[in-house]
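Worksheet: one structure, shown below.
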Amino acid sequence: MTTLQRVPALGTHPTAGRNPGRAETRELLSRATYDLLVVGGGILGTSVAWHAAQSGLRVAMVDAGDFAGATSSASSKLVHGGLRYLQTGAVKLVAENHMERRVLARDVAPHLVNPLTFHLPVYRGGPVGAARLGAGVFAYSALSAFGDGVGRVISPARAAAANPALRTENLKAVAVYYDHQMNDSRMAVMTVRAAVEAGAVVLNHAEVTGLRFTHGRVTGADLKDRLDGTEFGVDARLVLNATGPWVDHLRRMEDKGAAPSIRLSKGAHVVLKRKAPWRAAMATPIDKYRITFALPWEDQLLLGTTDEEYTGDPADVRATEADISQILDEAAHSVRDEHLSRDLITYAFAGLRVLPGGPGGVEKAKRETVVSEGSGGMLSVAGGKWTTYRHIGRTVTAKLAKLPGGPLTEDMEPLDRLPRRVPLPGVANPNAVAHRLLVDREPGQRLDPLTARHLATHYGALSFDIARLANEDPALGERIHPDGPEIWAQVVYARDHEWAQTADDVLRRRTTLTVRGLDTADVRERVESLLAGRRD
């Protein structure tokens, strides 16, 4: 790797090919009429923006907060078929989920989606027996065409050898199955990048303050930049409401009398430091409907989740003391106490599942996507999950080509004429990337192996761009915190290439510093200083 000229100030040098600034982006949004304005930069909005731009539409996307700043970065981090759906007879759904899981893991994002073995312990007196679970995990793996292995039942001793944290008292057997996991925030940012590479114009921290109407039809939105207060507007032939928990709020801007269309379920999680290696995740049945997870993730232990109706302001959702206690108590069914000490907690968070309105408890509600059209022609999309986000984006984009009156533009290319498995930016073998990061260094320069591995599995081939920043300024190659793998070059990269505007954008969603409990006052101050190095 060629050493570039060193610049004098940490993170203040210009970076080739960086994103346009906020003022320039606002100007781009204001001076054109877009075919599609997507309001909401979570998993659904970013996927639709990505696929609609691929099809030739002129696409704009805005979000009142950060991209994936709410529900989409508060998931259980799983890319999975949905084992529990089998008990409801949703065989076709599980098979479809498995197909999307494999596509993401093998074709679209192999640098971001990682295989994960699951152990499902069966205890005496538990809600499900070993024979039934054994049959269930075998059927589950069959629906994935045994692409990851064969679901089976193993002995308690064998399971404990793989995971010393497993509670073995009254343990009868352990069922084994296979799924995948990812860092949801990084997946979201990479999808935004893919949408922009396909031609979309995007802006975060831009709140819709009102909708624009022409002859009773929604034809755009008025917005306010939440960072500096600038007001501007976007004209569009069609507006898509993909605001997640706020979907009804935007629908009432279109029609004050719009009836509620969704209900919300709160899911909380707890992150702890790991005291021992975890060679398998654990999924423990709590009752007939619920499973609690203990997942090795980002060198930490991720526990959760809860599932209860939420009726408050979506902006106020957070993990409460009651949530944390419930999660730790449920984890204790299968995890030894010494691994669940409150002293080990580094972070707790909560998100909201968007569910179709209807009777019954939220734990029984279907996790399905609903697309509706309002009185002013605005489309609203709600529901869905990470595993099928790409499929949902394609489905909604296909609907745009079949709207009454024809597609939004004559140049719109049908999705069936486009590649079905377009990879996300940076696609590469992470093992090969990590190796190159370590060996392609100038004499006297050294990249920590943990940092190399972290970069490779969170950026893929884009890691080399971050390594070049560290080559230009060795201070950027230093760790942000000695207990984490991230380096300062990632902050500059997030600022210039990944739309990071605030310290939380960087610490919580572009890196893992917050979830590791490493976002100290000193770290936050220095991150804010670097972000201030580029202000419009």
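Just so it is clear, the structure is predicted and the values come from calculations on it, not from any experiment.
- Heavy atoms only, all atoms of each residue included: Leu302 and Trp297 are closest at CB-CB, 4.3 Å.
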Asp522 and Thr520: CA distance, side-chain angles, deciding distance, side chain to side chain donor-acceptor pair (under 3.5 Å) verdict = CA-CA 5 Å; Asp522 288 343; Thr520 65; 5.4 Å; no
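- Of the possible polar contacts, one joining the Glu486 side chain to the Thr512 backbone as a donor-acceptor pair under 3.5 Å is found.
- A salt bridge links Glu321 with Arg342: the distance from a Lys NZ or Arg NE/NH1/NH2 to an Asp or Glu carboxylate oxygen falls below 4.0 Å.
- Taking CZ of Arg510 as the reference point, atom NE2 of His458 lies at 13.5 Å (rounded to 0.5 Å).
- Using a 4.0 Å cut-off between charged side-chain N and carboxylate O, Glu330 and Arg290 make a salt bridge.
- Between Phe67 and Trp499, the two ring planes are perpendicular [angle over 60°; tilted spans 30° to 60°].
- Between Arg508 and Asp66, none of the side-chain N atoms (NZ, or NE/NH1/NH2) sits under 4.0 Å from a carboxylate O, so this pair counts as no salt bridge.
- Between Asp483 and Arg516 there is no salt bridge, since no side-chain N of the basic residue sits under 4.0 Å from a carboxylate O of the acidic one.
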Step-by-step side chain to side chain donor-acceptor pair (under 3.5 Å) determination, Asp465 to His497 | CA-CA 10 Å; Asp465 295 334; His497 297 274; over 6 Å; no
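- A salt bridge does not link Glu309 with Arg263: every distance from a Lys NZ or Arg NE/NH1/NH2 to an Asp or Glu carboxylate oxygen is 4.0 Å or more.
- With rounding to the nearest 0.5 angstrom, the OH atom of Tyr389 is 9.5 Å from the CD atom of Glu100.
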Under the salt bridge (Lys or Arg N to Asp or Glu O under 4.0 Å) criterion, do Arg509 and Asp504 qualify, and how do the steps go?
-> CA-CA 7 Å; Arg509 289 175 290 276; Asp504 281 338; 5.6 Å; no
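- Residues Arg26 and Asp228 are paired through a salt bridge, judged by an N-O separation under 4.0 Å between the basic side chain and the carboxylate.
- At most 12 heavy atoms of other shown residues, nucleotides or ligands fall within 6.0 angstrom of atom NE2 in His391.
- Note on Arg420 versus Asp107: no salt bridge recorded, every NZ/NE/NH1/NH2 to OD/OE distance being 4.0 Å or above.
- The pair Arg58-Asp35 does not count as a salt bridge, with every side-chain nitrogen at least 4.0 angstrom from each carboxylate oxygen.
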